[in-house]
Amino acid sequence: MLEEKDYFKEVYRVVREVPPGRVTTYGAIARYLSLRAGARMVGWAMTASHGHGIPAHRVVNSVGVLSGKHFFGGPTVMQQLLEDEGVRVKDDRVVDFKTRLWDPSVELGV
DNA sequence: GTTATGACCAGAG
DNA sequence: CCTCTGGCCATAA
């Protein structure tokens, strides 16, 4: 029946809430959902996010690096998607990462 | 059961 | 900037 695990759906729900032009991090999602599995499981969930309509390009690691760009079918696809939404990317890193960061535990309230 | 791996994180040097 | 270490823990073999 459901291939997806419950925490997968939780992660997807949060990622879907990330507005265009903003990014969030694996750690932030893990913190917000209190996933004991930690940030690694968020990354694992993203791997399975294909076909779920998840804007995975808005999820980067703690320093704003596009660590998952390799999974978008090309080395520039993820960057292209972000820049198309107004997020500047330089050397695989989000420019003005701190101001672009959308932390669910802050934006949605803890 | 054990081992290896990973779209991670934080700290130390 | 770089590498290394320790921690986290689900998944695969």
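Proteins come first, then strands; the chains are lettered A, B, ... in the order of their sequence lines, and each starts at number 1. Keep in mind that this is a model prediction, so the values were computed, not measured.
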Discussion item. Using a 4.0 Å heavy-atom cut-off, does A:Met46 contact any base of the nucleic acid, only the sugar-phosphate backbone, or nothing at all?
Written reply: base

Practice prompt. Describe the nucleic acid contact of A:Arg58 in one word from base, sugar-phosphate, nothing, applying a heavy-atom distance below 4.0 Å.
Written response: nothing

Discussion item. Any base atoms under 4.0 Å from A:Ala45, or only sugar-phosphate, or nothing? Heavy atoms, all strands.
Written reply: nothing

Worksheet item: OP1 or OP2 of B:dC8 sitting under 4.0 Å from any side-chain N/O of A:Ser62?
Response: no

Discussion item. Under a 3.5 Å distance rule, please check whether A:Asp103 uses its side chain to pair with a backbone N or O of A:Ser105 as donor and acceptor.
Written reply: yes

Discussion item. Regarding A:Gly68, tell me which of base, sugar-phosphate or nothing describes its non-hydrogen contacts under 4.0 Å with the strands shown.
Written reply: base

Discussion item. Does B:dC8 have its OP1 or OP2 closer than 4.0 Å to a side-chain nitrogen or oxygen of A:Thr25?
Written reply: no

Item to complete: Report yes if a side-chain nitrogen or oxygen of A:Ser67 is closer than 4.0 Å to either non-bridging phosphate oxygen (OP1 or OP2) of B:dC8; otherwise report no.
Response: yes

Fill in: Pair A:Arg22 + A:Glu85: basic N to acidic O under 4.0 Å
no

Practice prompt. Give the rounded distance in Å between these two atoms: CZ of A:Arg40 and P of B:dC9.
Written response: 10 Å

Item to complete: Could you tell me how the ring of A:Tyr12 sits relative to the ring of A:His52: parallel (under 30°), tilted (30 to 60°) or perpendicular (over 60°)?
Response: tilted

Discussion item. With nearest nucleotide decided by heavy atoms, which residue, A:Ala37 or A:Arg93, maps closer to the 5′ end of DNA chain C?
Written reply: A:Arg93

Worksheet item: Which value, in whole Å, describes the distance between the P atoms of nucleotides B:dA7 and C:dG7?
Response: 22 Å

Practice prompt. Would you classify A:Tyr7 as touching base, sugar-phosphate or nothing, given that sugar-phosphate means primed atoms plus P, OP1 and OP2, and contacts are heavy atoms under 4.0 Å?
Written response: sugar-phosphate

Practice prompt. Check every strand shown and say whether A:Thr47 touches a base, only sugar-phosphate, or nothing at a heavy-atom separation below 4.0 Å.
Written response: base

